[in-house]
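Working notes for the structure below.
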Amino acid sequence: QLQASGGGLVQAGGSLRLSCAASGSIFSINAMGWYRQAPGKQRELVAGISRGGSTNYADSVKGRFTISRTNAKNTVYLQMNSLKPEDTAVYYCNAIAGGGDYWGQGTQVTVSS
């Protein structure tokens with residue numbers, strides 16, 4: 001019900017843009033966000049955005065990542081610039097809606113040094 005895309009392999013300093021679209025079966029989406037999980041680590045919040053457009057970021061990505069959304073398309077984006085090897089992880093999109101909490105399937109981001 002959440003389909004993420006845009007991951008891949010990039011060199012340090014490069015950029016990637018992740019996208020995540022919610023299917024029509026998810027109604028009344030409020031907050032959307034991106035999480036990531038590196039090997040051996042817990043899943044952590046990367047960035048979140050409210051329906052009204054308020055955003056919050058993990059300290060480690062502030063100034064490098066930008067989250068945005070298109071409410072009409074129920075889509076959330078994550079523009080990632082100045083990528084670092086420590087950004088390597090599986091990235092998951094999340095949507096909090098009237099029907100509950102939804103997760104995408106995850107997309108791998110690998111940053112080589």
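By convention here, the first residue in the shown sequence is residue 1.
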Flag, side chain of Arg64 to backbone of Ser82, donor-acceptor distance under 3.5 Å:
yes
May I ask whether Tyr57 and Val46 are part of the same hydrophobic cluster, defined by side-chain heavy atoms of I, L, V, M, F, W, Y residues being less than 4.5 angstrom apart, directly or through others?
yes
Closest non-hydrogen atoms of Ser60 and Arg36, given as atom of the first, atom of the second and distance, are OG-NH2, 3.3 Å
For residues Lys84 and Val111, determine if any side-chain heavy atom of one lies less than 4.5 Å from a side-chain heavy atom of the other.
no
Closest approach of Gln79 and Ser15, non-hydrogen atoms and distance?
NE2-CB, 4.0 Å
Would you call Thr88 and Leu83 a side-chain contact if the rule is heavy atoms closer than 4.5 Å?
no
Compare all side-chain heavy atoms of Leu78 with those of Thr66 and state whether any distance is below 4.5 angstrom.
no
Is Arg17 close enough and on-axis enough to Tyr77, meaning under 6.0 Å and within 45°, for cation-pi?
yes
So, does Thr75 use its side chain to make a donor-acceptor pair with the main chain of Lys73 at under 3.5 Å?
yes
Please report the closest heavy-atom contact between Ser19 and Trp34, naming both atoms and the distance.
O-CH2, 3.6 Å
Okay, side chain of Asn94, backbone of Gly104: is any donor-acceptor separation there less than 3.5 Å?
no
Whether Asp59 and Lys62 form a salt bridge (side-chain N of Lys/Arg under 4.0 Å from carboxylate O of Asp/Glu) is what I want to check.
yes
Report yes if some heavy atom in the side chain of Arg69 is under 4.5 Å from a heavy atom in the side chain of Ile29; otherwise report no.
yes
Could you give me the CA-CA distance, side-chain angles and deciding distance for Arg51 and Asn71, then say whether side-chain contact (heavy atoms from CB on, under 4.5 Å) is met?
CA-CA 7 Å; Arg51 184 169 182 83; Asn71 289 335; 3.9 Å; yes
For Trp103, does its backbone N or O pair with a side-chain atom of Tyr35 as donor and acceptor, under 3.5 Å?
no
Under the side-chain contact (heavy atoms from CB on, under 4.5 Å) criterion, do Val76 and Ile49 qualify, and how do the steps go?
CA-CA 9 Å; Val76 64; Ile49 185 167; 4.1 Å; yes
Closest non-hydrogen contact found for Ile26 with Asn74 is O-ND2, 4.0 Å
Transitive ILVMFWY side-chain link Val61 to Val109, under 4.5 Å
yes
How close do Ala12 and Ser113 get, counting heavy atoms only, and between which atoms?
CB-CA, 4.4 Å
Same apolar cluster: Leu2 and Val90, side chain cutoff 4.5 Å:
no
Minimum heavy-atom separation for Met80 to Leu18, with atom names?
CE-CG, 3.7 Å
Value for OG1 (Thr110) from CG (Leu16), rounded to nearest 0.5 Å, stands at 9.5 Å
Do Gln3 and Gln105 touch side chain to side chain, with heavy atoms closer than 4.5 Å?
yes
Hey, could you give me the OG/CD1 distance between Ser28 and Ile96, rounded to the nearest 0.5 Å?
13.5 Å
For the residue pair Arg43 and Tyr92, establish whether any side-chain heavy-atom pair is separated by less than 4.5 Å.
yes
